[in-house]
Amino acid sequence: MAELPKAYEPKEVEKKFTRKWKESGIYKARVVPGKQPYVIVVPPPNITGSLHMGHALNWTLQDVLIRTQRMLGKEAFWVPGTDHGGIATQNVLEKKLAKEQHVTRHDLGREKFLEIMWQWYKDCGNMILTQVEKMGWALDISPENVRFTMDEKRAAAVYECFKQWWDKKYIYRGKRMINWCVRCNTALSDIEVEHSEQKGKLYHIRYAGADGGKGIVIATTRPETIFADAAVAVNPKDDNYKNLAGQKVKIPLTDRIIPIIEDEDVELGFGTGALKITPAHDPVDYVIGQRHNLEAISVISDKGKMINCPAKYLGMDRDTCRKETVKDLDAAGFLVKEETHDNAVGVCYRCGSAIEPYLSEQWFVKMEELCAPVIKAAEEEELKFYPSRWKTPFLNWLKNIQDWCISRQIWWGHRIPVWYCTSCSKDGLTFTADKQGNKQITKISFEHGAKPLVSHDKPAKCPSCGGHDFVQDPDVLDTWFSSALWPISVFDWPEKTKELEYFYPTSTMVTGYEIIYLWVARMVMTGLDFTGKLPFKDVFLTSIVRDKTGKKMSKSLGNVIDPLDLTEKYGTDAVRFSLLTQAVLGKDIPYAEESVVGSRNFCNKIYNASRFILMNAGDIKGPLKMPAKPKELADAWILDRYNCALQTAKEQTLKFNMAAASNALYHFLWNDFCDWYIELAKQRFETDREYVVSLLVNILYGTLKALHPMMPFITEEIAGVLKPLTGSDKEFLLQDSYPLHDETRFNADAVKKMELIKGVISAARTVRSEFNVPPGLKLNISFKTEDAGELKIITEHADYIKLLCKIENFSAGKTAVKKPKSATAVFSNVTAYIELEGIIDIEKEKARLGKNIISAKANIDNRRARLSDERFIKNAPPEQIEKVKTELAAEELKLSSAQSALKDLA
RNA sequence: GCCCAGUUGGCGCAGCGGUAGCGCGUUCCCUUGACAUGGGAAAGGUCAGAGGUUCAAUCCCUCUACUGGGCACCA
């Protein structure tokens, strides 16, 4: 042991255990009838991704829970998998193809493109999982255990869900105003649209009367859509526009005549009070349009280009067209005014482009029936959120929900399992040739007669006409559709597997709050709908890891920290621990590299404490049992502190408060165990070595066990080294035993006594330090106290004090001989006189005592005032009054000691 | 606009009815055989502001001011 390095070196240790754990399959979970399972399904990362700090935090939290529960004796199963990631993944590959091969997916065609996507999945799809090992996460990533949202079993679940919902008429196709991303070229659901506040302009535009009159001035932020106008609307209650309804105006820059109508949805007082109605490009206008039977004219294509408009603007990009239109309106005298206007613009959550409200036929899931039981579960708190404040927004969202648009016009994803007979559905189908000349279905219109056949595979025969030629719906499902099924699909639902029966419902869902609606809500919907059971009861919403200034980490800001770089530099345990100590429930983490340094130092502290204990164990033979009884005060005290730390660590972990859990262990080990107990134990190695070592080893081992879920490598490494002393040769994870605190070992009396000794020592040390007493110099100190109890404690533990204060001559009594050149220090009812012949600086000591006198006086005044307040005496609990009295006495002692010391110096 | 969080020493954060703690940083002393990735000590805060409840408020209530976040069709 002596030749071991002085500092902990994580690299080799991590390598060793990573290999060992992989080979031993230590992370595998099995169906064990009768044993209680604990299950977390991993939020499947997109296959585009590499690991970022968010994962590092999130997955470490899951890992701590899994390991803890396993050590608590449960069959803990952490289910791994990846997500195909729909639009996000397709975007990444499209960009890659454009950059490397200068081709679009349309150049390649659907089939070829999908081939490339699948190849990507095979090559890189599990990339993120290989990073799992480096983080020490207890996840069994052997290929047969890793699920993928688009593999065969998951596809079966997706089909079953679609089929059941179709049969229940939850799934339907409808023509609606949906959110369209002109860049990704697909519909999006409402929650996939993010709103960003943008400084825009409100343009006031005059629509001249059709009869040549003055007409009306409208206000709009989107002048390029005037070509799609079907009317101008005013509020019937608007006194400025009385009796205008029925009049006609002309759209500027065109010859088109539209009516003025009245509608209550027009807000009084906004803009000019007159609203142009563009049913095809605005959700509100669409509703108004339907009410008034207005035509919906599209002037912006699915690619964001102008159509159905004056020739000049045809084919123009929507943004360019806005500028041009404004210019032309101004030139022609129609532009009345421009004012700045802040506007919340909807943008695509995947690419950030402005969302276009777009009228089209899409697939939807009806939400009403699916949401009702979710609302009930959340309201009755069968489904619980940590932190709980998410309950309200969750419920609000569910209660105001719109039907879920599930069709996406991309290629990467689960294809909608709907087929059309080319002869029966002929009128509702539109085909065009793709770039390869293959006939491709481009539009399906139920309105025009497309008849759906829901089937996983191509149907053999058309049930109505007997035809054999079918085409499949070209759209794919929202990627969240398969994610929604994750807690059941990972166990191969709809098959009735024994895993499903044993491991479902899962226990805890650990995920970021940013996907509470996108994902969490929908998992609960499917779980309740298909199994009648909540997929999980606890939702632990984790924080966002930000940069040290509190900004979100992003590639564009260049403030991204790679967790793997940090593990290289400081070791995995340090990275994990630094995240955990900051993981306060409901609080984002501003992450600075300094915090890993702190945790790295902690690893080193653990390592060196262990090294020291081992060194002093010498030839003692294990296994060493935890002594049944404390022999000395310090033993009783450290056992109390140890117990307390274990209790806190466990309780807080199970309450998802990892910061409290990890900090309890950190401070116990460093401050109590190392700074005080080991220091005091040093003097007992000569006299009582075996006993002290037994206590040290067992407390250390128990602490390592409690730390293991947080720092798996270093704890296991040291446990291995301690093996001859502990006799434990099983890995912590296989021991099924979390170190339990022991009620009999709480010892308030010992804690109180030890606090006195620590306080006295600290007071004396302060004097040493303030007068720069050379470290080698041993002092003569006399302690004086009239408190018999405290005197007894001091006297009985003179050796503690002598050791830690470096005392040559120690005396304690009710009175004490104070040498003239002494400094005075007070703690509780004990006054210490520290001889400083030749060292003491009289002026300095006077100043010090003067300061003490001032503070003591202030404290005395404060306590006296309180004690003389009869309302306080009448109302405060007796123990509180006692406390203040004790404090008063202590302050009075401090004052009188300082005063008399000052007198002696004069 | 509505809702929710936050505002505590230089910085980052805990705490939460009995006048404040941690980590980092700062200053001083120390290579005392586990650890300088260390030890000992010190300085530094009227707990955002104003009211209220209470014997007592950083902690509970109300309002205000900032800072984040969620939701919302205001063109």
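All heavy atoms count here, side chains included; hydrogens, waters and symmetry mates do not. Letters go in sequence order (proteins before strands), and every chain restarts at 1.
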Is the distance from OP1 or OP2 of B:A14 to the nearest side-chain N or O of A:Asn663 less than 4.0 Å? no
To the nearest angstrom, the CZ-C1' distance between A:Arg600 and B:C24 comes to 14 Å
For A:Lys391, is the NZ atom crowded, meaning more than 12 foreign heavy atoms sit under 6.0 Å from it? yes
Check whether any side-chain N or O of A:Thr567 sits under 3.5 Å from a backbone N or O of A:Thr572 as a donor-acceptor pair, and report yes or no. no
Would A:Lys844 count as a cation-pi partner of A:Phe771, with NZ or CZ less than 6.0 Å from the six-membered ring centre and within 45° of the ring normal? yes
Provide, to the nearest angstrom, the distance between the CZ atom belonging to A:Arg871 and the P atom belonging to B:G18. 19 Å
Nearest nucleotide by nearest heavy atom, which residue falls closer to the 5' end of RNA chain B, A:Thr220 or A:Thr581? A:Thr581
So does A:His341 get a side-chain nitrogen or oxygen closer than 4.0 Å to the phosphate oxygens (OP1/OP2) of B:A75? yes
Any base atoms under 4.0 Å from A:Ala609, or only sugar-phosphate, or nothing? Heavy atoms, all strands. base
How close or far is atom P of B:A14 from atom CE of A:Met658, stated in whole angstroms? 16 Å
Counting distance only, does the side-chain N/O of A:Glu770 pair as donor-acceptor with the main-chain N or O of A:Val767 below 3.5 Å? no
Phosphate-side-chain proximity, A:Lys587 and B:G68, N/O vs OP1/OP2 below 4.0 Å: no
Looking for any heavy atom pair under 4.0 Å, which part of the strands does A:Cys603 touch: base, sugar-phosphate only, or nothing? nothing
Using atom P in both nucleotides, what's the gap between B:A5 and B:C60 to the nearest angstrom? 11 Å
